[in-house]
K.L.:
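Just passing along the structure, written as structure tokens.
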Amino acid sequence: MILHTFSCPDGHITEKLVSMDTKEVECPDCDQIATKALSCPKIKTDSWKSTRQWAKQRETQIKYERKHGITLET
């Protein structure tokens, strides 16, 4: 089960917890058929924390490479 957004012909928007293959539901406001609407995915990440951690590790790696004369060969 996943939360999906549905809209009816009258413009009512509703969210329902339904299975992935559900395409239509009954609108709770006007009892018409509401179809699945496109909506932005809601993604929860620790992107800021992960980005800071990566940047710190990269900075440490660059300092190490400079200290030991390591260069990237192309």
Side-chain angles (χ1 to χ4, degrees):
M1 302 279 273
I2 190 165
L3 188 65
H4 283 287
T5 304
F6 295 88
S7 71
C8 74
D10 287 342
H12 301 121
I13 305 294
T14 186
E15 290 184 330
K16 293 230 182 216
L17 195 60
V18 295
S19 65
M20 291 287 290
D21 58 336
T22 302
K23 305 282 188 223
E24 299 175 336
V25 296
E26 187 175 304
C27 177
D29 296 321
C30 63
D31 297 328
Q32 293 187 47
I33 299 296
T35 56
K36 192 184 293 186
L38 290 177
S39 59
C40 295
K42 296 173 183 160
I43 301 171
K44 181 181 177 186
T45 64
D46 274 345
S47 62
W48 176 246
K49 183 179 177 183
S50 300
T51 301
R52 286 186 307 171
Q53 182 180 7
W54 177 87
K56 186 175 180 179
Q57 289 174 346
R58 182 67 185 131
E59 184 179 340
T60 302
Q61 182 67 27
I62 290 171
K63 286 179 183 178
Y64 175 83
E65 290 172 1
R66 286 181 180 158
K67 182 178 179 180
H68 293 89
I70 300 171
T71 59
L72 181 64
E73 294 180 28
T74 56

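Model, not experiment: these values are computed from the prediction. When reading the values below, keep in mind they use all heavy atoms of this one structure, side chains included, and skip hydrogens, waters and symmetry mates.
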K.L.:
Regarding Glu65 and Gln61, is there a side-chain donor-to-acceptor distance under 3.5 Å anywhere?
P.N.:
yes
K.L.:
Nearest 0.5 Å, please: how far is CG in Asp31 from CD1 in Ile33?
P.N.:
9.5 Å
K.L.:
Could you tell me the separation between the CZ atom of Phe6 and the CD1 atom of Ile13, rounded to the nearest 0.5 Å?
P.N.:
11.5 Å
K.L.:
Please check if atom CE in Met1 has more than 12 non-hydrogen atoms from other residues, nucleotides or ligands closer than 6.0 Å.
P.N.:
yes
K.L.:
As an exercise, state the distance from CD of Gln32 to OG of Ser7, rounded to the nearest 0.5 Å.
P.N.:
11.0 Å
K.L.:
Do the non-hydrogen side-chain atoms of Asp29 and Asp10 ever get within less than 4.5 Å of each other?
P.N.:
no
K.L.:
Taking atom CG of Asp21 and atom NZ of Lys36, what is their separation to the nearest 0.5 Å?
P.N.:
7.5 Å
K.L.:
Closest heavy-atom contact between Cys8 and Cys30?
P.N.:
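For Cys8 and Cys30, the tightest heavy-atom pair comes out as SG-SG, 3.7 Å.
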K.L.:
Within the structure provided, determine whether Thr22 and His4 are in side-chain contact (heavy-atom separation under 4.5 Å).
P.N.:
no
K.L.:
To check you understand the geometry: which heavy-atom pair defines the closest contact between Val18 and Val25, and what is its length?
P.N.:
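Nearest heavy atoms, Val18 then Val25: CG1-CG1, 4.3 Å.
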